[in-house]
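The chains referred to below are lettered A, B, ... by the order of the sequence lines, with proteins before strands, and numbering in each begins at 1.
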2 protein chains.
Amino acid sequence: MEKVKQTVRTPRSYGQFCAFARALDVVGERWTLLIVRELLPGPMRYTELKTSLAGIATNLLAERLRSLEANGVVERRLEQSGVSYALTPWGAELHEPMEALGRWGAPLLETGRGDDAFQPRWLALALPGLLRGVTANPPVELGIETNGFALVLRIDQDGPSAMIRPDRQPSTVLSAAPEVVVGLAAGGLTIDQALASGEFRGDRQVLSTAFPAERESAVDR
Amino acid sequence: MEKVKQTVRTPRSYGQFCAFARALDVVGERWTLLIVRELLPGPMRYTELKTSLAGIATNLLAERLRSLEANGVVERRLEQSGVSYALTPWGAELHEPMEALGRWGAPLLETGRGDDAFQPRWLALALPGLLRGVTANPPVELGIETNGFALVLRIDQDGPSAMIRPDRQPSTVLSAAPEVVVGLAAGGLTIDQALASGEFRGDRQVLSTAFPAERESAVDR
DNA sequence: CCGCATCCTCATGGATACTG
DNA sequence: CAGTATCCATGAGGATGCGG
């Protein structure tokens, strides 16, 4: 029999006339914002999402994507190579609140990595968030390489931003373990400590420009 | 038998080495951020929270408060008048990401209020969020009165902020229905339309200063 | 393989009653 | 007033199936 369960589940609403509560109605369910975080650097395939978000059930991923699409946050694209999911312009604007929440959560990284999963892709949200307030003129570009994955951190007079799959590789590349990269950005390590640890290599001069110690700290808790 | 169910439920963690994911581990569960929103303007009693968050189950409220306290977001205070809950300094810093998410969700208010609940207290988060970017020099103070509840919106050169239970009432008070107040702030209504509707009274001159039409719109979707 | 849909089990949320 | 205790409904997690 051709029964097609459309599964148009209507998510539980808070029923409040409040922009914040209505935002949570759209993106407040479990896994939803993590899917958006994955898509922030660029479109992804279903299976890429599934493997990057270790632990999400396949039916949940499908349902969240459907819900996000229905609400105009995510766009489902049929390309020659297959299906890909991308953020709509409105969905991409989640970047700001998410970066802010990541900054708020930075102290929670102090307990270390433990057995937690890590995807270098997540740095695209975390690094600009943690370095908010840092500016550079002339602009600085620094390659970051972790777990065999490369992204470029750019700092100009408007602040930091991250790019994945850049046109050209910057001349200076920092190669280090996730804890070191994140610790650096969060201020848990100074450039000198990191250099002394021998855990990464890079051009000290450029790094010192990019990561000044005297920025206002959002993580001094 | 004296069995005391401590109910130290350890909430499901995403298990990711990512500040954003860890933040969601702390405040990502259902109702949690709405509790924080309630506490942003100031401490509240258990029953106040319960009635303001219409629809939350009492056991859930108790459990969320316990979890927030255990994570250092909320502080439980025993005062002479009873128990009150307040945000810790770290918890209060959620103000920024929450305001940003509220701004993102502003377009969702366009569908109108419908049967949704409304608490004037929520304006303390919404109004500064929606008016982000508006400055005034010299500072402007405007009373807002809705549903028999008053707060003061202050705009100075640093931007807008809201106060509840202010020391003194400003000379100009805007008294209107929730939809009108929110619509005004979101840019859905102009001062002229609002005045023409006869739904509120106020000093047009001051209002025009406080709500300039030519600000950058975050709600043009 | 990729992109899901179904099924099953158990954890979490929601409603209500009750208690110090 | 400030919660606990209980019970039922719903959503999450995991395995598997299945058409393209």
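- The nearest whole Å value for the distance from the CZ atom in B:R64 to the C1' atom in D:dT4 is 16 Å.
- A straight line from CG of B:L61 to P of C:dA15 spans 13 Å, rounded to a whole angstrom.
- Residue A:Y85 places at least one side-chain N or O under 4.0 Å from the OP1 or OP2 atom of C:dC4.
- Counting to the nearest Å, the C1' atom of C:dA5 and the CD1 atom of A:I56 are 15 Å from each other.
- Judged purely by atom type and a 3.5 angstrom limit, A:R64 has no side-chain atom pairing as donor or acceptor with the backbone of A:T32.
- Separating the CG atom of A:L53 from the C1' atom of D:dG14 is a distance of 16 Å, rounded to the nearest angstrom.
- Contact annotation: A:R30 side-chain N/O to D:dG11 OP1/OP2 distance is not under 4.0 Å.
- Between the CD atom of A:E63 and the P atom of D:dT10 there is a distance of 14 Å, given to the nearest Å.
- No donor-acceptor pair closer than 3.5 Å links the side chain of B:S52 to the backbone N or O of B:L49.
- Rounded to an integer number of Å, the gap from CD1 of B:I35 to C1' of D:dG3 is 14 Å.
- Cation-pi geometry between A:R76 and A:Y46 is not met: the NZ or CZ atom fails to fall both under 6.0 Å from the ring centre and inside 45° of the normal.
- Contact annotation: side chain of B:N59 to base of C:dG13, donor-acceptor pair absent below 3.5 Å.
- The main-chain N or O of B:R45 is never found under 3.5 Å from a side-chain atom of B:S84 such that the two would form a donor-acceptor pair.
- Atom CG of A:L78 and atom P of C:dC4 are 9 Å apart (whole Å).
- With C:dC2, D:dT4, C:dA5 as the choices, the nucleotide that has an atom nearest any side-chain atom of A:R66 turns out to be C:dA5.
- Applying side chain to side chain contact (heavy atoms under 4.5 Å, CB included) to B:L94 and the options B:V27, B:L39, B:V26 leaves one that passes, B:V27.
- Across the protein-nucleic acid pair, B:Y46 atom OH and C:dG20 atom C1' stand 15 Å apart, rounded to whole Å.
- For the OP1/OP2 pair of D:dG11 and a distance below 4.0 Å, the side-chain nitrogens and oxygens of A:W31 include no atom meeting the criterion.
- If A:L60 and A:R12 are placed on DNA chain D by their nearest nucleotide, the residue sitting closer to the 5' end is A:R12.
- Between A:R76 and the phosphate of C:dC4, there is a side-chain N or O to OP1/OP2 separation shorter than 4.0 Å.
- Relative to the side chain of B:E29, the nucleotides D:dT4, C:dA5, C:dG13 differ in distance, and C:dG13 lies closest.
- Checking the phosphate oxygens (OP1, OP2) of C:dC4, no side-chain nitrogen or oxygen of A:T58 falls inside 4.0 Å.
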